[in-house]
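Report on the following structure.
Below, each value reflects all heavy atoms present in this structure, side chains not excepted, and no hydrogens, waters or symmetry copies. Keep in mind it's a predicted model, so treat the numbers as computed, not measured.
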Amino acid sequence: MENEKIKKVLDFLESNNIVYSWYTHPEAPTIEIARQYWQEDGSRHCKNLFFRNHKGNRHYLVVLDCEHDLDIHDLEKRLHQGKLSFASPQRMEKYLGLAPGSVSPFGLINDTDNHVHLFLDENLKNEESLSFHPNDNRATVVISQEEFARYLAIVGNGFEYIKVHD
């Protein structure tokens, strides 16, 4: 079942000649649930967290290996952006066009003002390919490192690879 959010992501990738593969599965709003449906495709599945700063005027998407947990206080020290908290579902909708449980870097296609800054775990650079929801947690897109880099260049949001954990 291909809904409008999935279609928008796939259309964006295809219109920009970005190579990917994808598959559908039952709804998977958490990593624990998603594990049941992941295919053995060699990709690194990612955890995607959406934060705001204390003032609420800056928003950050943090992407890391799904096998790692994130200490928010440690992240605050690493990012030097002040106190962070999870952004509300309303902010997630406003800036990424997404609902909780479906957050991914593909939400950046909805951020036409390039407001959201993306932080990626530096360890992800070592992976051949990455997996993300295509803005709907009933599907998974697998994309190579090279194609993902092309995607990031096209969407135009600021991004950087950082050390997310020890």
Side-chain angles (χ1 to χ4, degrees), residues 5 9 12-13 16 18 20 28-35 38 41-137 140-166:
K5 289 187 181 202
V9 170
F12 182 91
L13 296 174
N16 287 285
I18 295 173
Y20 67 94
T30 66
I31 296 292
E32 293 71 31
I33 295 169
R35 282 183 208 285
W38 287 337
D41 53 34
S43 70
R44 174 58 59 198
H45 296 277
C46 298
K47 184 183 295 188
N48 307 279
L49 303 168
F50 190 52
F51 294 99
R52 56 170 275 198
N53 67 353
H54 182 65
K55 291 181 181 177
N57 62 349
R58 307 252 349 234
H59 293 83
Y60 312 98
L61 179 58
V62 178
V63 178
L64 63 151
D65 182 329
C66 73
E67 300 301 326
H68 293 282
D69 289 324
L70 183 68
D71 179 315
I72 294 176
H73 298 298
D74 185 46
L75 181 66
E76 289 169 346
K77 291 175 194 162
R78 292 176 193 273
L79 298 186
H80 308 289
Q81 301 295 320
K83 184 170 171 40
L84 299 176
S85 59
F86 286 104
S88 67
Q90 294 79 12
R91 288 173 185 268
M92 194 178 294
E93 175 62 37
K94 177 180 179 179
Y95 293 107
L96 297 175
L98 302 177
S102 296
V103 176
S104 92
F106 294 127
L108 297 175
I109 65 175
N110 300 317
D111 181 18
T112 54
D113 294 331
N114 300 121
H115 172 81
V116 177
H117 190 82
L118 177 64
F119 289 104
L120 300 132
D121 182 351
E122 67 183 9
N123 294 318
L124 294 176
K125 285 199 287 190
N126 301 325
E127 302 295 334
E128 253 182 69
S129 59
L130 304 171
S131 295
F132 305 103
H133 289 310
N135 298 344
D136 182 299
N137 61 26
T140 296
V141 166
V142 178
I143 188 167
S144 72
Q145 195 67 247
E146 180 180 319
E147 294 296 307
F148 185 61
R150 287 186 56 231
Y151 165 77
L152 292 177
I154 292 166
V155 293
N157 288 68
F159 73 92
E160 57 195 282
Y161 283 91
I162 62 165
K163 185 174 183 175
V164 174
H165 53 80
D166 290 321

### Message
Between V142 and F132, is the side chain to side chain contact (heavy atoms under 4.5 Å, CB included) condition met? List the steps.
### Response
CA-CA 7 Å; V142 178; F132 305 103; over 6 Å; no
So [Y] and [X], do their side chains get closer than 4.5 Å, heavy atoms only?
| X | Y | result |
| --- | --- | --- |
| F106 | D136 | no |
| C46 | C66 | no |
| F51 | L70 | yes |
| F148 | L120 | yes |

Between [atom1] of [X] and [atom2] of [Y], what distance do you get to the nearest 0.5 Å?
| X | Y | atom1 | atom2 | value |
| --- | --- | --- | --- | --- |
| I143 | E128 | CD1 | CD | 14.0 Å |
| L124 | E127 | CG | CD | 6.5 Å |
| S104 | L96 | OG | CG | 8.5 Å |
| K125 | L130 | NZ | CG | 12.5 Å |
| L84 | H73 | CG | NE2 | 10.0 Å |

### Query
If you look at every heavy atom in V141 and P134, which pair is closest and at what distance?
CG2-CB, 3.6 Å
### Query
What are the two closest non-hydrogen atoms of A28 and I33, and how far apart are they?
CA-CG2, 3.8 Å
### Message
Ring centroids only, cut at 6.0 angstrom: are F119 and F159 within range, meaning strictly under it?
### Response
no
### Query
Ring centroid separation for Y151 and Y20, is it under 6.0 angstrom?
no
### Task
Using a cut-off of 6.0 Å, state whether more than 12 heavy atoms not belonging to E160 lie near its atom CD.
yes
### Task
Would you mind listing every salt bridge (Lys or Arg N to Asp or Glu O under 4.0 Å) that reaches into residues 86-109, with sequence neighbours excluded?
none
In plain terms, say whether [X] and [Y] are close enough for a salt bridge, that is, a side-chain N and a carboxylate O under 4.0 Å apart.
| X | Y | answer |
| --- | --- | --- |
| R150 | E147 | yes |
| R44 | D65 | yes |
| K163 | D121 | no |

### Query
Considering residues at least two apart in sequence or located in another chain, which fulfil the side chain to side chain donor-acceptor pair (under 3.5 Å) criterion with N137?
none
### Query
Does S88 have any side chain to side chain donor-acceptor pair (under 3.5 Å) partners at least two apart in sequence or in another chain, and if so, which?
Q90
### Backbone N/O of H68 and side chain of K47: donor-acceptor pair under 3.5 Å
yes
### Task
Could you walk me through whether L49 and L64 pass side chain to side chain contact (heavy atoms under 4.5 Å, CB included), step by step?
CA-CA 9 Å; L49 303 168; L64 63 151; 4.1 Å; yes
### side-chain contact (heavy atoms from CB on, under 4.5 Å) partner of V103, the single match among N135, L61, V63
L61
### Query
Residues in side-chain contact (heavy atoms from CB on, under 4.5 Å) with N57, at least two apart?
N53, K55
### Task
Taking side-chain contact (heavy atoms from CB on, under 4.5 Å) as the test, write out the residues that go with E146, two or more places apart.
S144
### Task
For D111 and N157, test the side chains for any donor-to-acceptor distance below 3.5 angstrom and give the result as yes or no.
yes
### Pair S43-S131, side-chain donor/acceptor within less than 3.5 Å
yes
### Query
After noting the C-alpha distance and the side-chain angles of I154 and N16, does the key distance pass the side chain to side chain contact (heavy atoms under 4.5 Å, CB included) rule?
CA-CA 8 Å; I154 292 166; N16 287 285; 3.7 Å; yes
### Option among R52, Q81, H117 that satisfies the side-chain hydrogen bond (donor to acceptor under 3.5 Å, both in side chains) test with Y60
Q81
### Message
List the residues meeting ring pair (Phe, Tyr, Trp, His ring centres under 6.0 Å) with H59, not counting sequence neighbours, and say none if there are none.
### Response
F50, Y95, H115
### Query
Is there a side chain to side chain contact (heavy atoms under 4.5 Å, CB included) between H133 and N48 once you walk through the steps?
CA-CA 10 Å; H133 289 310; N48 307 279; 5.9 Å; no
